[in-house]
Amino acid sequence: MTGAGPAALLRARGITKAFGAVVALDALDLDIAPGEFFALLGGSGSGKSTLLRIIAGFEAPDAGRVLLDGADIVATPPWARPINMMFQSYALFPHLSVADNVAYGLRRGGVAKAEAARRVADALAMVGLAGLDRRRPHQLSGGQQQRVALARSLVMRPRLLLLDEPLGALDAGLRERTGFELRALQRQTGAAFVMVTHDQEEALALADRVAVLDGGRVAQVGSPRAIYERPASRFVARFLGAANVFEGRAMGGGFDSAVAGITFAGAIGGDSLAVAIRPERIRIAPGASGANSATGIVEDTAFRGDDTLLVLRLSGAATLRVLHAEQDGAPPARGDTVTVGWDAADVVALAS
Amino acid sequence: MRRGRFTGAAMAAGFVFLWLPILLLVGYAFSADRIPFQWGGFSLRWFAALAGNERIVEAAGLSLRIAAGAATLAVLLGGAAGWALARFGRFRGRALFGMLIGAPLVLPEVVTGLSLLLVFVALEGATGWPQGRGALTVLLAHATLGAAFVAVVVQARLAETDRSLEEAAMDLGATPFTAFRTITLPLIAPALGAGWLLAFTLSLDDVVIASFVSGPAGTTLPMALFAMLRRGLTPEVNALGAVVVLGVGAMLALATLLLRPRPRGE
Amino acid sequence: MLAPVWAWLLVLVAAPAAALVVIALAEADSGIPPFRLALSPTGFATLVEDAYYLDAVLTALRVAVTTSACCLLVAYPMAIGIARAAPRRRVLLLVLLMLPFWTGFLLRVGAWIGLLRDEGWINRLLMAAGITDAPLPLLYSEGAMLVGMVHAYLPFAVLPLFAALLRLDPALGEAAADLGARPATIFFTVTLPVTAPDAAAGFLLVFIPAAGEFVIPELMGPPEAQLVGRVLWQEFFQNRDWPVAAALAVALLALLLVPIRLFQRLGARA
């Protein structure tokens with residue numbers, strides 16, 4: 001585990017949770033460092049939301065420990081945990097005003113009225129909602145509701161804030177801006193943010209570290225760049241950015257993919273089961289031959305702005321996805337026969 | 001739009017069918033003629049006759065007291081039951097619980113009435129309580145019937161209420177009881193109010209169950225009215241109809257106000 | 001927390017059901033209460049042996065089916081009309097639909113009696129118009145009973161249909177129109193099949209209480225319309241034969257079990 005070391009704020013150890021016959025989490029380990037922005041990335045059924053709910057205290061794990069500052073909090077009810085959560089639905093109380101929503105937790109914590117009012121005003125100002133405190137949630141836009149939910153959690157000054165798909169309910173146009181604002185708030189408050197998302201772009205763009213979850217286990221954890229460029233498994237390689245993944249056999253420092261008819265060269269261990277090559281690392285290289293090259297017919301093209309996606313039908317049954325940058329000139333047309341190549345350094349060997 | 005016109009006409013016919021007897025009933029309440037549904041000039045004499053009819057006035061008082069008590073009990077029982085069904089997950093005996101709370105909704109009145117009477121008789125034989133039959137047994141029976149309806153209304157209301165609201169409250173430091181008091185209760189209050197009115201009206205409207213479980217001292221308004229209708233129609237029935245229709249109209253207006261959907265923001 | 005509710009349900013819902021069976025198996029007696037506990041099939045045997053009871057059950061089923069079918073027929077255009085209305089108007093129409101339901105069932109029966117009896121409003125109108133010389137015997141007929149039952153139960157049929165039509169995606173009808181269907185064809189090929197389960201729910205919602213109906217047959221029906229609810233009432237109140245009344249209740253319940261289960265499954269689906 002690329003750990004956060006002994007200074008970890010939150011440690012999950014051997015977390016297991018099953019719903020009937022469905023195993024949501026399978027002996028999962030995870031460390032969260034103080035003040036980091038952490039993303040739990042996975043598809044539906046990967047167990048990411050269950051993990052969040054276990055950390056918040058809404059579900060009890062069947063086995064395993066959740067340590068906050070070294071103390072096990074599994075038996076602590078949610079209302080007694082110094083952890084707060086921003087719900088995917090925002091869960092704003094419809095019968096309370098914006099100010100009363102944000103003040104709700106402070107009231108429960110027995111914060112004096114004047115002090116609470118001041119903190120509520122500060123929190124609303126921090127998320128840019130000053131002046132809307134008398135509104136009801138249904139009188140706000142989706143983006144404003146999201147900020148109220150954020151303010152309601154942050155006003156509690158949690159050391160750890162859990163965010164369940166925080167950008168999921170927003171329009172595409174609002175996501176980028178809100179993402180930047182989330183990062184700014186995280187730096188400003190110094191709280192550790194743990195965000196659940198199924199959107200890899202969101203995870204890579206916002207988080208300091210990302211854990212990719214698959215089938216209730218951590219498939220890989222690391223910085224966005226490390227995970228993107230050095231995926232540890234076929235699952236991660238395919239999940240992040242749709243890499244070309246070829247299975248085959250490692251032999252003599254190289255790798256043979258019979259189905260694609262390609263030989264890969266590079267730092268390939270003898271236990272490799274597959275190799276991955278990213279579409280943007282492949283370039284058109286007329287005359288290339290031998291290892292780290294392939295020839296195919298352009299089956300489909302899709303213009304995407306600053307590049308064009310080419311789907312090459314290889315000699316075998318396989319296809320190869322290639323991103324052709326605009327600055328490299330006009331892309332080949334459908335039906336053209338094209339030879340492509342790539343650097344040995346860009347070949348990623350996958351042992352699982 | 002030929003179909004639109006046909007639908008509109010058929011709908012209007014349906015409403016005329018529904019409303020014509022009621023409007024005539026209320027309208028002729030103001031007729032002086034002693035033959036019901038015959039106009040003999042405007043008069044309030046039948047309202048006076050109704051007010052002077054001790055049997056009816058007494059029965060109405062009893063019915064209102066029974067209905068208020070039964071509705072209150074029904075809200076407590078049905079509210080708790082609806083909450084359990086919506087929020088307690090798969091607790092032990094949930095299927096049986098759901099079946100029992102919902103049973104009065106689907107049982108024919110004669111069956112409910114007879115079976116409750118048999119239990120009251122058996123209970124009195126075994127424990128001495130309830131002593132005889134009358135207002136108390138009618139109240140118990142009506143509360144059981146009303147609770148079934150309240151449970152449905154409350155469960156439906158909770159089902160459309162985001163469950164994470166209660167979780168969010170707990171996440172912010174509220175104990176389950178505080179979360180219930182500050183979040184759940186305000187959110188289901190309109191459903192509880194509407195449920196109370198529903199149980200109240202059901203109780204005021206029931207003649208069959210009451211006839212079974214009541215005794216000599218417990219003649220409710222519907223029981224008295226049923227006896228009147230059996231003997232033959234009098235204009236007092238029109239007067240009573242006018243009073244009830246106007247009263248219920250006011251109550252329903254109140255209920256619609258309570259349950260009015262909140263305006264949606266942009 | 002739930003213990004009081006459980007206790008209530010066991011005493012006032014579960015125990016009564018059990019009591020029905022126990023008393024149905026008891027023997028009639030002249031004491032107070034008028035039965036002697038036993039394990040006697042007399043009550044049920046009476047039901048089987050005397051064609052009167054089977055007839056009562058069949059009559060009740062026939063009347064309940066007719067009532068439900070008539071309710072649906074009237075309810076469909078009303079539900080469509082209400083669902084299509086603009087929101088404000090829709091609320092008004094719903095209130096107009098529900099208000100009669102809340103105004104007291106016996107009073108509505110009273111109103112119908114006032115309209116239908118020999119010297120009633122309709123007969124006076126017909127005679128004044130010269131359509132008939134002598135009053136028509138409208139009241140105390142099977143027709144009067146049906147009118148009363150349809151009037152009493154109509155909202156039960158409209159509401160599930162209305163809810164279904166409100167959920168119905170208007171694009172379905174538009175797609176059908178786009179593909180060349182006329183309004184009537186749209187109704188029979190799209191609206192009706194899609195809302196059929198809810199129509200069935202409405203049918204059962206009327207059928208179940210109508211099958212045990214006592215008041216309307218008693219006050220508006222002909223003397224010979226001995227529906228099961230009416231017979232049960234007479235056995236209990238006039239003949240004081242509690243075991244036979246209980247056996248009739250058990251038989252009625254057994255008959256209604258399938259419709260009730262069906263209704264609950266349809267309800268769960270919606």
Side-chain angles (χ1 to χ4, degrees), chain A residues 19-20 49 52-53 55-59 76-96 98 100-111 132 135-145 148-149 151-156 158 160-162 164-165, chain B residues 75 79 82-84 86-92 94-95 153-196 255-266:
Chain A
F19 297 99
S49 291
L52 207 67
R53 292 175 60 79
I55 298 174
F58 298 122
E59 306 276 356
T76 310
W79 54 90
R81 295 187 187 197
I83 294 173
N84 288 106
M85 176 146 160
M86 196 187 114
F87 289 79
Q88 183 174 9
S89 64
Y90 307 146
L92 297 179
F93 307 131
H95 59 302
L96 299 182
V98 165
D100 287 341
N101 261 280
V102 179
Y104 187 89
L106 298 176
R107 286 256 181 85
R108 306 281 88 76
V111 176
L132 294 185
R135 297 260 187 105
R136 288 290 178 89
H138 63 80
Q139 295 168 316
L140 302 177
S141 71
Q144 289 170 328
Q145 291 181 10
V148 175
R152 190 176 69 177
S153 304
L154 287 175
V155 79
M156 302 299 289
L160 181 58
L161 178 67
L162 308 172
D164 193 356
E165 302 273 4
Chain B
V75 162
W83 187 44
R87 287 294 190 263
F88 286 12
R90 273 184 242 150
F91 61 89
R92 246 182 78 203
R94 186 186 195 279
V153 175
V154 168
Q155 192 188 353
R157 177 80 184 195
L158 281 170
E160 65 187 32
T161 305
D162 186 359
R163 198 179 182 144
S164 42
L165 290 176
E166 289 144 49
E167 290 182 344
M170 288 191 258
D171 185 65
L172 294 166
T175 58
F177 177 72
T178 309
F180 178 79
R181 186 174 56 80
T182 56
I183 304 301
T184 318
L185 203 53
L187 290 176
I188 61 171
L192 291 176
W196 191 93
T256 2
L257 270 180
L258 282 176
L259 268 189
R260 190 171 46 183
R262 297 204 166 80
R264 292 255 154 234
E266 290 311 300

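On a predicted model such as this, the values are computed, not experimentally measured, just so you know.
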Report summary line: When the 4.5 angstrom heavy-atom criterion is applied to Arg107(A) and chain B, the contacting part is neither
Report summary line: Honestly, the part of Thr182(B) sitting under 4.5 Å from a heavy atom of chain A is both
Report task. Please name the pair of heavy atoms, one in Leu165(B) and one in Pro94(A), separated by the smallest distance, quoted to 0.1 Å. Result -> CD1-CD, 3.8 Å
Query raised in the report: Which atoms of Phe58(A) come close to chain B, meaning under 4.5 Å heavy atom to heavy atom: side chain ones, backbone ones, both, or neither?
Result: side chain
Requested in this report: Tell me, out of Thr178(B), Asp162(B), Thr175(B), Ile183(B), who's got the most heavy-atom pairs with chain A below 4.5 Å.
Outcome: Ile183(B)
Query raised in the report: Based on non-hydrogen pairs under 4.5 Å, which of Arg135(A), Met156(A), Met85(A), Arg81(A) is most in contact with chain B?
Result: Met85(A)
Report task. Take atom CZ of Arg87(B) as the centre, draw a 6.0 Å sphere, and report whether it contains more than 12 heavy atoms from other residues, nucleotides or ligands. Result -> yes
Requested in this report: Of all the heavy-atom pairs spanning Leu172(B) and Arg108(A), show the shortest one and how long it is.
Outcome: O-CB, 3.8 Å
Requested in this report: Step through the shown structure and confirm whether more than 12 heavy atoms of other residues, nucleotides or ligands are within 6.0 Å of CZ on Phe19(A).
Outcome: yes
Query raised in the report: Where does Ile83(A) contact chain B at under 4.5 Å (heavy atoms): side chain, backbone, both or neither?
Result: backbone
**Report entry** Nearest heavy-atom neighbours spanning Phe87(A) and Ser164(B)
**Finding:** CD2-CB, 3.4 Å
Query - Minimum heavy-atom distance Ala179(B)-Tyr104(A), with the two atoms named - result: CA-OH, 4.0 Å
Query - Closest approach of Ala174(B) to Trp79(A) (non-hydrogen atoms, all atoms of both residues) - result: O-CB, 3.2 Å
Requested in this report: Taking Asp171(B) for its side chain and Pro78(A) for its backbone only, find out whether a donor-acceptor pair lies under 3.5 Å.
Outcome: no
Requested in this report: Measure distances from Leu162(A) to the heavy atoms of chain B and classify the residue's part below 4.5 Å as side chain, backbone, both or neither.
Outcome: neither
Report task. Hey, could you give me the OG/CZ distance between Ser89(A) and Arg163(B), rounded to the nearest 0.5 Å? Result -> 12.5 Å
